[in-house]
Amino acid sequence: MASIGLKLDAGYLKPAAPQTEILQYQQSITAAHDQLFSGAGLGADFRGWLNPDVLAPKSLLTEIQTTARELQERSDALVVIGIGGSYLGARAVIEALARDDGKPVYFAGHNISADFHSRLMRQLAGKRVAVNVISKSGTTTEPAIAFRIFQELVEKNAGAAEAAKLIVATTDAHKGALLKLATDRGYKRFVVPDDVGGRYSVLSPVGLLPIAYGGVDISALVSGAATCAEACASTDLQKNPAYFYAAARNTLYDKGYNVEVLSHFEPRLHYVAEWWKQLYGESEGKDHKALFPASIDLTADLHSMGQYMQQGRRFLTETFVIVEEGEPELVVPETQENLDGLNYLAGRSLSEVNHEAYRATALAHWEGGVPNSTVLLKRLDARHLGALLYFFERACAVSGYLRRLNPFDQPGVEAYKNHMFALLGKPGFEEKTAEIRRKVESSGVESSIIFG
Ligand code: PA5
């Protein structure tokens, strides 16, 4: 996949997962690929992300860019309201690539914290605020509450007529409360395609509008993903890095490696790891199966979780995401006293030192019993990040099929919602309310011993 600047280095997977064993997945991979492309697999109605050019054609990109520009002109900041797949993709790309001199993008509605939302409102005081509310169902509690708050704020500050130009709703084309509200108020609308689930939606209007507002080149992002899709066309494990990655992580899982840790050395990739965790956690974490996806930020976490990685329980596998070409300008300064003994590094770039830290860590973790592989990105820009996002999506769908799972649904998310609705007394949940309250009072937190 050299042409798109994304490589997979699998050298440290052996002896836990030698290539010969990974290649034994070939037949299953071919079957999973066929299911994915023929529509014979589970959740086949949600494959609209497979072809990035079709998901985000040029006409849509132009419409999104125009809307983003208009919003930028009218506002000082954008608040993106959404949760799960309706915000993590945008946040991942914006935190990784947004220009320092661009207009800020804030995120709300991914929790129900009064403290969080009050602080955000204080931060935005005196600013012209635009809002992009994103919810496919249009009924998710967290963003719906946040939207009430920010809709009120924008209407109070700008007046109802201007508010209608400052608020954009991204939701289902045909149904849902948000669709009705947006239509009634005359908000600009973008569609969450019927055939794309939240966590695969970053390259649809769900992610692209906030990303464009943040000043990132969305055409380059989509084109990087499309190139990656082409590079992942082969069913041959040795020619398709996404499939090799899917087969390798499943080989390790078969051998009792239950946790996959995504590690990176660039703080700007923190939310890419958060997005990755949602993608794999929600896609595969069902039927009591699959690798638990975790992440660490390096080198910071080498001084905390690094101890466990090196010497804790051996059920960990690790995937590094490494950016090959960093900023060359910043170098380690020389000092006359050399009290810290670091003059041997003087004049060398921080990027070079950071890269050696990665190479040292990958070797140390491997020696400590953590099989690891590395996704190498040539540069951290829109094109390469688009390729990376698609690489993980494609691998995730196939990995789910290898485990005979539906990688596109999330039935487990409903359990907490139903209990919460019952506890909050949502109409229609009356019978459940008494039952859930009884359960909480007799068996949960409230019946435990409380000290202090
Ligand atoms: O990946 C998913 O489908 C979920 O994480 C959803 O995106 C999340 O639950 C938010 O749902 P909605 O967009 O309907 O508000």
Side-chain angles (χ1 to χ4, degrees), residues 42-50 55 79-94 107-112 117 131-151 167-182 187 189-211 271-286 290 293 389-390 392-397 399-400 405-421 426:
L42 294 165
D45 291 342
F46 292 94
R47 296 170 301 129
W49 54 274
L50 263 175
L55 180 59
V79 177
V80 177
I81 297 177
I83 194 165
S86 288
Y87 99 104
L88 275 167
R91 188 157 198 179
V93 177
I94 289 167
F107 295 88
H110 53 283
N111 60 58
I112 323 173
H117 288 92
V131 168
N132 181 197
V133 54
I134 308 169
S135 178
K136 182 168 184 166
S137 62
T139 52
T140 308
T141 310
E142 292 90 337
I145 291 176
F147 184 54
R148 284 190 175 209
I149 292 168
F150 282 94
Q151 183 190 30
I167 298 176
V168 178
T170 307
T171 190
D172 192 275
H174 318 287
K175 56 180 190 305
L178 184 55
L179 172 65
K180 175 154 177 26
L181 195 148
Y187 300 153
R189 278 189 286 121
F190 283 97
V191 168
V192 187
D194 289 342
D195 56 358
V196 180
R199 57 192 175 276
Y200 293 83
S201 69
V202 53
L203 301 172
S204 78
V206 171
L208 295 177
L209 179 61
I211 291 170
Y271 273 93
V272 171
E274 295 300 312
W275 170 86
W276 173 88
K277 282 192 285 194
Q278 191 220 354
L279 180 64
Y280 283 81
E282 224 171 33
S283 298
E284 293 193 311
K286 44 199 79 155
L389 297 175
Y390 187 87
F392 278 133
E393 286 180 348
R394 181 71 165 266
C396 184
S399 184
L405 295 164
N406 180 348
F408 305 118
D409 68 357
Q410 56 283 330
V413 178
E414 294 310 310
Y416 99 90
K417 282 191 197 166
N418 289 332
H419 288 4
M420 180 175 74
F421 291 152
K426 183 174 174 171

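Any value given below was found using the heavy atoms of this structure, including those in side chains, with hydrogens, waters and symmetry copies removed. Note that ligands are numbered from 1 as they come in the structure, with each ligand's atoms numbered from 1 the same way.
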Enquirer: Check whether any side-chain heavy atom of R47 sits under 4.5 Å from a side-chain heavy atom of V196, and report yes or no.
Expert: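 Counting from C-beta outward, R47 and V196 never come under 4.5 Å.
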Enquirer: Once ring-ring contact (aromatic ring centres under 6.0 Å, His included) is applied, do any residues pair with Y187, and if so which ones, sequence neighbours excluded?
Expert: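 With sequence neighbours excluded, Y187 shows a ring-ring contact (aromatic ring centres under 6.0 Å, His included) to no residue whatsoever.
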Enquirer: Does any part of the side chain of E393, heavy atoms only, come nearer than 4.5 Å to the side chain of W49, both counted from C-beta?
Expert: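 Sidechains of E393 and W49: in contact.
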Enquirer: Please enumerate all residues that pass side-chain hydrogen bond (donor to acceptor under 3.5 Å, both in side chains) together with S283, with sequence neighbours excluded.
Expert: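 Expected list: R199, Y200.
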Enquirer: Please tabulate, one pair per line, all N/O donor-acceptor pairs under 3.5 Å involving side-chain atoms of residues 173-181, not counting sequence neighbours.
Expert:
residue, atom, partner, partner atom, Å
H174, NE2, D194, OD2, 3.2
K175, NZ, D172, OD2, 3.3
K180, NZ, D184, OD2, 2.9

Enquirer: Mind checking what residues have non-hydrogen atoms under 4.0 angstrom from ligand 1?
Expert: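 These residues qualify: I83, G84, G85, S86, S135, K136, S137, T140, G198, R199, Q278, E282, Q410.
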Enquirer: Among T140, V79, I134, V131, which residue satisfies the side chain to side chain contact (heavy atoms under 4.5 Å, CB included) criterion with F147?
Expert: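 For F147, the side chain to side chain contact (heavy atoms under 4.5 Å, CB included) check succeeds only for V131.
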